[in-house]
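Here the structure is laid out as structure tokens; the discussion comes afterwards.
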There are 2 protein chains.
Amino acid sequence: MKYKSRQRDIILEQLKMVDCHPTADEVYIMVKRKLPKIGIATVYRNLEQLSKGGCIFKLDGDIKRYDGNIMRHFHYRCPQCERVFDLDIGKLESIYDDLSNESHKQGLEVKVEFVRICENCIENKGK
Amino acid sequence: MKYKSRQRDIILEQLKMVDCHPTADEVYIMVKRKLPKIGIATVYRNLEQLSKGGCIFKLDGDIKRYDGNIMRHFHYRCPQCERVFDLDIGKLESIYDDLSNESHKQGLEVKVEFVRICENCIENKGK
DNA sequence: TTCATAACTGGTAATGATTATCACTTTCAT
DNA sequence: ATGAAAGTGATAATCATTACCAGTTATGAA
């Protein structure tokens with residue numbers, strides 16, 4: 001990320017505009033509207049760089065997803081559609097902070113992810 | 001898992017014998033010593049079934065790993081070699097239990113994974 | 001036991017996300 | 001203004017996982 005690039009700027013801008021957590025392919029489709037000639041490899045390259053640089057988060061899973069919101073917040077993943085959603089954990093938050101602080105003292109980083117069937121998948125159950 | 005199969009029995013047995021967290025391919029190699037004719041598809045099929053049946057754990061990541069130990073315990077993943085190791089979290093444990101209990105009350109399942117460079121990768125740094 | 005059938009197997013082809021490669025273009029410090 | 005380092009886009013390659021299929025095995029009912 002030594003030089004600046006229009007492609008990278010637009011990828012970051014688009015990712016910050018949405019509140020979902022798109023896959024690389026979904027980012028590619030979003031960015032193509034502004035930069036029709038961009039290649040998928042450029043998208044992967046820049047998503048990787050942006051996440052290594054701390055500008056975005058990479059969410060591991062079967063398919064990787066990316067999050068343009070780097071404020072501390074929480075996610076849940078739907079085990080059916082494999083999508084990731086933001087989550088307000090309310091009073092869980094202070095417990096999480098304890099876990100996080102205590103982990104750091106022990107030289108560990110913590111990764112917490114919640115799992116819950118999403119509303120969409122609950123609705124589509126009858127189908 | 002309605003019928004029993006020798007292949008599945010041996011996969012489970014081998015997985016319970018080791019304290020590492022092998023990939024499907026590593027399980028394949030292990031099991032091949034006892035069942036030289038087994039196919040890789042059979043290994044994947046049975047690992048999936050065993051994990052859905054709650055006999056083993058599947059650990060998500062770039063490459064999936066499997067754990068034959070279903071007693072409650074904790075893992076850390078090395079971000080360099082991507083291997084997974086067991087971890088004694090000591091006093092973190094009670095905090096984790098709080099988080100877990102409170103999550104369940106809110107209809108969420110929690111997944112916690114720790115991250116730390118493993119000893120092997122620290123040693124090999126100079127190389 | 002015999003039989004029907006549902007589950008399981010092994011080999012292999014297909015899939016699909018991600019990475020590597022390469023010739024070309026852009027950026028930027030000097 | 002120029003040359004080295006970084007970035008790009010097209011496409012081929014990789015590789016973990018899944019799908020498919022013809023043949024085998026397990027199981028329960030007759």
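Throughout, a chain's letter reflects where its sequence line sits, starting with A, and its residues are numbered from 1.
- Two residues, B:Lys2 and B:Lys64, neighbour DNA chain D, and the one matched to the more 5' nucleotide by heavy-atom proximity is B:Lys64.
- Not a single ring-ring contact (aromatic ring centres under 6.0 Å, His included) links B:Tyr66 to another residue, sequence neighbours left out.
- Near DNA chain D, meaning a heavy atom under 4.0 Å from it, residues 30-52 of chain B has B:Ala41, B:Tyr44, B:Arg45 in order of number.
- The nucleotide range of DNA chain D contacted by chain A, defined by atoms under 4.0 angstrom from heavy atoms of the protein and reported 5' to 3', is D:dA5 to D:dT11.
- A donor-acceptor distance shorter than 3.5 angstrom exists from the side chain of B:Gln49 to the backbone of B:Met1, with no hydrogens or angles considered.
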Side-chain donor-acceptor pairs under 3.5 Å in residues 18-27 of chain A, sequence neighbours left out?
from: A:His21; atom 1: ND1; to: A:Val84; atom 2: O; distance (Å): 2.9
from: A:His21; atom 1: NE2; to: A:Asp67; atom 2: OD2; distance (Å): 3.4
from: A:His21; atom 1: NE2; to: A:His75; atom 2: NE2; distance (Å): 3.3
from: A:His21; atom 1: NE2; to: A:Asp86; atom 2: OD1; distance (Å): 2.9
from: A:Thr23; atom 1: OG1; to: A:Glu26; atom 2: N; distance (Å): 3.2
from: A:Glu26; atom 1: OE1; to: A:Thr23; atom 2: N; distance (Å): 2.9

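- Ring pair B:Phe74/B:Tyr96 is perpendicular by interplanar angle, where above 60° counts as perpendicular and below 30° as parallel.
- Remark: A:Gln14 engages no residue in a side chain to side chain donor-acceptor pair (under 3.5 Å) (not counting sequence neighbours).
- Using a 4.5 Å cut-off on side-chain heavy atoms (C-beta onward), B:Ser94 and B:Asp98 make no contact.
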Let me have the donor-acceptor pairs involving side chains of residues 30-41 of chain B, under 3.5 Å, with sequence neighbours excluded, atom names and distances please.
from: B:Lys32; atom 1: NZ; to: B:Tyr28; atom 2: OH; distance (Å): 3.3
from: B:Lys32; atom 1: NZ; to: B:Pro36; atom 2: O; distance (Å): 3.1

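- Both B:Tyr28 and B:Tyr3 lie near DNA chain C, and the one whose nearest nucleotide falls closer to the 5' end is B:Tyr3.
- Along DNA chain C, read 5' to 3', the first and last nucleotides having any atom under 4.0 Å from a heavy atom of chain B are C:dA6 to C:dT12.
- The side chain to side chain donor-acceptor pair (under 3.5 Å) test applied to B:Glu13 returns no partner, not counting sequence neighbours.
- Residues satisfying the side chain to side chain donor-acceptor pair (under 3.5 Å) test with B:Gln106, not counting sequence neighbours, are none.
- Residue-environment remark: NZ (B:Lys52) stays at or below the threshold of 12 foreign heavy atoms within 6.0 Å.
- The side-chain heavy atoms of A:Ile117 and A:Pro79, taken from C-beta on, include a pair separated by under 4.5 Å.
- In this structure, A:Arg72 places its CZ atom where more than 12 heavy-atom neighbours from other residues, nucleotides or ligands lie under 6.0 Å away.
- Terminal axes of the helix from C:dT1-D:dA30 to C:dT30-D:dA1 (five pairs each, C1' rotation axis) are separated by 40°, to the nearest 10°.
- Listed in residue order, the members of residues 4-26 of chain B having a heavy atom less than 4.0 Å from DNA chain C are B:Ser5, B:Gln7, B:Arg8.
- Residues A:Leu47 and A:Leu15 meet the side-chain proximity criterion, which asks for heavy atoms closer than 4.5 Å.
- With B:Glu48 as reference, B:Lys58 is the one residue of B:Arg8, B:Lys64, B:Lys58 to meet the salt bridge (charged side-chain N to carboxylate O under 4.0 Å, His left out) rule.
- Residues satisfying the side chain to side chain donor-acceptor pair (under 3.5 Å) test with B:Glu113, not counting sequence neighbours, are B:Arg77.
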